[in-house]
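A short worksheet on the structure shown next.
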Amino acid sequence: MNPKFRKALIWGIPLLILILLGIFFAWKHSAKDGKVTSNLPEFSFEEEQVQQTEAASQTRGIKIPGYTVIPIAANSQEVEVDLYNPEENQVYFQISFVLKDSGEKIFESKLIKPGQHLYTISLTQPLAPGDHDITIQYATFSTDGAFSPRNGASVDCVLRAEE
């Protein structure tokens, strides 16, 4: 073997390995900082909301809360409710309110973590006093970081706008 070629191999291979290791560690470090881009859609989460007296049920299994009537303040876009994702769930919720008569979406949450409550929400429009038939739509997404859609649910309900 040519001595120059052998010397090039002796220095070249370790140098190549060092360069590749440097690239690998730089990539791994940037992944920890969240600087690696992906093709996932951007999801945002609801901020934690805390209420003074909070009672949570502690039963097992995946749950979709059902409501028959939700009382809210009439003529106000900022309304007090108690929407939540049961702690036992292994999915994120995205909750929407859709008016049954027009099909108009008047509320859509960001992602809600298991165990998280929403006590105040913003409607797209204030509702006049009276009963308003809505469908509460639950879109669910995996908590594994892939945000894969899971089975959702719809619940019929009445928003009772009270003065």
*Under a 4.5 Å cut-off applied to non-hydrogen side-chain atoms, are Ile70 and Ile72 in contact?*
yes
_Donor-acceptor pair, distance only, cut-off 3.5 Å: does the side chain of Thr120 make one with the backbone of Glu80?_
no
*With a cut-off of 6.0 Å (strictly less than), are more than 12 heavy atoms of other residues, nucleotides or ligands near CG of Asn75?*
yes
*Is a side-chain N or O of Tyr84 found less than 3.5 angstrom from the main chain of Tyr119, in a donor-acceptor match?*
no
*Please tell me if the side chains of Tyr67 and Val158 come closer than 4.5 Å, counting only heavy atoms from C-beta onward.*
no
*asked:* Do Glu88 and Pro114 make a side-chain contact, defined as non-hydrogen atoms from C-beta onward lying under 4.5 Å apart?
replied: no
*Of all the heavy-atom pairs spanning Ala128 and Ala161, show the shortest one and how long it is.*
O-CB, 3.2 Å
*Compare all side-chain heavy atoms of Val98 with those of Ile106 and state whether any distance is below 4.5 angstrom.*
no
_Thr135 side chain reached by Gln137 side chain, heavy atoms, under 4.5 Å_ = yes
_Atom pair SG/NE2 of Cys157 and His132 - distance to nearest 0.5 Å_ = 12.0 Å
*Would you say the ring centroid of Tyr92 lies under 6.0 angstrom from that of Phe141?*
no
*Using a 4.5 Å cut-off on heavy atoms from C-beta on, say whether the side chain of Gln125 contacts that of Glu104.*
yes
_With a 3.5 Å distance limit and no angle check, can you tell me whether Asp82 reaches the backbone of His117 through a side-chain donor-acceptor pair?_
no
*Distance-only polar pair, side chains of Ser122 and Glu78, donor-acceptor under 3.5 Å*: yes
*Work out which heavy atom in Lys63 is nearest to a heavy atom in Asn89; give both atom names and the distance.*
N-OD1, 2.7 Å
_Measuring from atom CD1 of Ile95 to atom OH of Tyr138, what distance do you get when rounded to the nearest 0.5 angstrom?_
5.0 Å
*Main-chain N/O of Lys110 paired to Gln94 side chain as donor or acceptor, under 3.5 Å*: no
*For the pair Asp131 (side chain) and Arg160 (backbone), establish whether a donor and an acceptor sit closer than 3.5 Å, ignoring hydrogens and angles.*
no
*Search all heavy atoms of Asp144 against all heavy atoms of Ala146 and return the closest pair with its distance.*
OD1-N, 2.9 Å
*State, with a plain yes or no, whether a side-chain heavy atom of Phe107 is found less than 4.5 Å away from one of Leu118.*
yes
